[in-house]
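Worksheet: the structure to be examined is printed underneath.
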Amino acid sequence: MEPELKIFPGRSGAELTEKICSYLNLEKGKITVRNFSDGEIWVRVEETVRNAECFIVQSTCSPVNENLMEIFIMLDALKRSSAKQITVVLPYYCYSRQDRKDQPHVPISSKLVANLLVTAGADRVLTIDLHADQIQGFFDVPLDHLLTAPLFVQHIRENVLNDENIIVVAPDTGSAKRARNMAERLNTTIAICDKKRYTDDHTEVMYVVGDVKDKVAVIVDDLLSTGGTLVNTASALKKAG
């Protein structure tokens, strides 16, 4: 007998859960999540999950730590309710930029998040477009890493009339691999912006490497905090024609 499938929304995953359940023709899982007056998160599973295959849908976007802690507590609640297996669906994996020791005395926070998810009870994690491929190796449980490039390629082909006029742009050298992958799918070339970073949220595009004049520029990046990099890249591309 197949285990029953149950999909539970975190508060940042409510809309996506509705769409998933609608597509699968399932009722969403019944769960209550709220905060005490001091900010502590309280969770109660409102139905039986014994021997069920459970999914938690929650993005760790802002407020990052609140949404992350909510996942841990939901995992513990489901685990203690005798769920057979729990998969965490993370459309955005927080702390993914902190994936290595690039200077002394700093943590590898994305590894810590992976450890905490497994310790809290995750049997499997599903995420999308990780900032760095090596994060997959941080998990001691199976991780499904989905890529959105095929969907974007399809969208671009359907909405840009002249495919030959497209150029894919990496806003910095760190995005070059991702941009090249997209360009190969579109059978075109790439341009790379030389970016100077002053602070975490303040960058400046120094110049554009590649011929973008009279082209339809498709900027490919994976994370957006303030939008400053994309705005500066767009401005540099316009100046370059």
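Each residue takes its place number in the sequence, starting with 1.
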Within this structure, what is the CZ-CD1 distance for the pair Arg11 and Ile41, rounded to the nearest 0.5 Å?
5.5 Å
Above 12 or not: heavy atoms from other molecules or residues under 6.0 Å from CZ of Phe139?
yes
Same cluster or not: Val88 versus Val141, using hydrophobic residues (I, L, V, M, F, W, Y) connected whenever any side-chain heavy atoms lie under 4.5 Å apart?
yes
Run the side-chain contact (heavy atoms from CB on, under 4.5 Å) test on Ile108 and Phe138 for me, step by step, so that the C-alpha distance in whole Å, both residues' side-chain angles and the decisive distance to 0.1 Å come before the verdict.
CA-CA 10 Å; Ile108 306 178; Phe138 292 171; 4.1 Å; yes
I'd like to know if Lys79 pairs up with Asp123 as an ion pair, taking the criterion as any Lys NZ or Arg NE/NH1/NH2 lying under 4.0 Å from an Asp or Glu carboxylate oxygen.
yes
Using a cut-off of 6.0 Å, state whether more than 12 heavy atoms not belonging to Glu46 lie near its atom CD.
yes
Is it true that Asn232 and Ser235 share a donor-acceptor pair across their side chains at a distance under 3.5 Å?
no
Separation of Arg124 CZ from Phe55 CZ (nearest 0.5 Å):
8.5 Å
Over all heavy atoms of both residues, which pair between Pro3 and Glu53 is shortest? Give the atoms and the distance, please.
CG-OE1, 4.0 Å
Please give me the minimum heavy-atom distance between Pro9 and Ala14, naming the atom from each residue.
CB-CA, 3.9 Å
How far does CG of Leu90 sit from SG of Cys61, to the nearest 0.5 angstrom?
10.5 Å
Begin with the C-alpha distance, continue with both residues' side-chain angles, and end with the deciding distance and a verdict on side-chain contact (heavy atoms from CB on, under 4.5 Å) for Ser96 and Thr127.
CA-CA 11 Å; Ser96 61; Thr127 190; over 6 Å; no
Is a donor from one side chain sitting under 3.5 angstrom from an acceptor on the other, for Ser12 and Gln58?
yes
Within a 6.0 Å radius of atom CZ on Arg34, are there more than 12 heavy atoms belonging to other residues, nucleotides or ligands?
yes
For Lys101, does the NZ atom sit with more than 12 other heavy atoms under 6.0 Å from it, leaving out its own atoms?
yes
Could you tell me if Arg97 sits above the aromatic ring of Tyr95, with its cationic atom closer than 6.0 Å to the ring centre and no more than 45 degrees from the axis?
no
Assess whether side-chain contact (heavy atoms from CB on, under 4.5 Å) is satisfied between Thr189 and Lys215, documenting all intermediate values.
CA-CA 11 Å; Thr189 57; Lys215 298 280 188 178; 5.8 Å; no
Is the backbone N or O of Asp214 less than 3.5 Å from a side-chain atom of Asn165, with the two atoms forming a donor-acceptor pair by type?
yes
Determine the minimum heavy-atom distance between Ala77 and Val43, stating which atoms define it.
CB-CG1, 3.9 Å
Asp38 atom CG, neighbour heavy-atom count above 12 within 6.0 Å
yes
Would you call Ser175 and Val220 a side-chain contact if the rule is heavy atoms closer than 4.5 Å?
no
Within-4.5 Å side-chain heavy-atom neighbours: Cys94 and Leu68:
yes
In terms of hydrophobic clusters joined by side-chain contacts under 4.5 Å, are Ile192 and Val216 together?
yes
Is the closest side-chain heavy-atom distance between Val45 and Phe8 below 4.5 Å?
yes
In this structure, would Val160 and Met182 fall into the same cluster of hydrophobic residues linked by side-chain contacts under 4.5 Å?
yes
To the nearest 0.5 angstrom, please state how far the CD1 atom of Ile135 sits from the CG atom of Leu130.
5.0 Å
With Tyr93, the side-chain contact (heavy atoms from CB on, under 4.5 Å) member among Leu117, Ile128, Val125, Asp129:
Leu117
Gln136 side chain to His145 backbone, donor-acceptor under 3.5 Å:
no
Starting from the C-alpha separation in whole Å, work towards a yes-or-no answer on side chain to side chain donor-acceptor pair (under 3.5 Å) for Ser110 and Asp99.
CA-CA 5 Å; Ser110 56; Asp99 62 334; 5.7 Å; no
Less than 3.5 Å apart, any donor N or O on the side chain of Lys111 or Asn115 sitting next to an acceptor on the other?
yes
Straight-line distance of Thr119 OG1 to Phe72 CZ, nearest 0.5 Å
8.5 Å
For a quick test of reading the model, state the closest non-hydrogen atom pair linking Val208 to Ala191 and the distance between them.
CG1-CB, 4.3 Å
Path from Val169 to Val231 over hydrophobic side-chain contacts below 4.5 Å:
no
Ile219 side, atom CD1; Ile167 side, atom CD1 - distance, nearest 0.5 Å:
11.5 Å
May I ask whether Ile56 and Leu126 are part of the same hydrophobic cluster, defined by side-chain heavy atoms of I, L, V, M, F, W, Y residues being less than 4.5 angstrom apart, directly or through others?
no
Within the side chain of Glu18, is there an N or O that forms a donor-acceptor pair under 3.5 Å with the backbone of Glu15?
no
Would you check, one step at a time, whether the test side-chain contact (heavy atoms from CB on, under 4.5 Å) holds for Lys6 with Leu78?
CA-CA 11 Å; Lys6 294 180 181 289; Leu78 289 169; over 6 Å; no
What's the shortest heavy-atom distance between Pro171 and Thr233, and which atoms?
CB-OG1, 3.4 Å
Please check this pair: side chain of Glu47 against backbone of Lys30, looking for a donor-acceptor N/O pair closer than 3.5 Å.
yes
Answer yes when Glu184 and Arg180 have at least one side-chain N-carboxylate O distance shorter than 4.0 Å, and no when they do not.
no
Heavy-atom closest pair, residues Asp211 and Lys213:
OD1-N, 3.2 Å
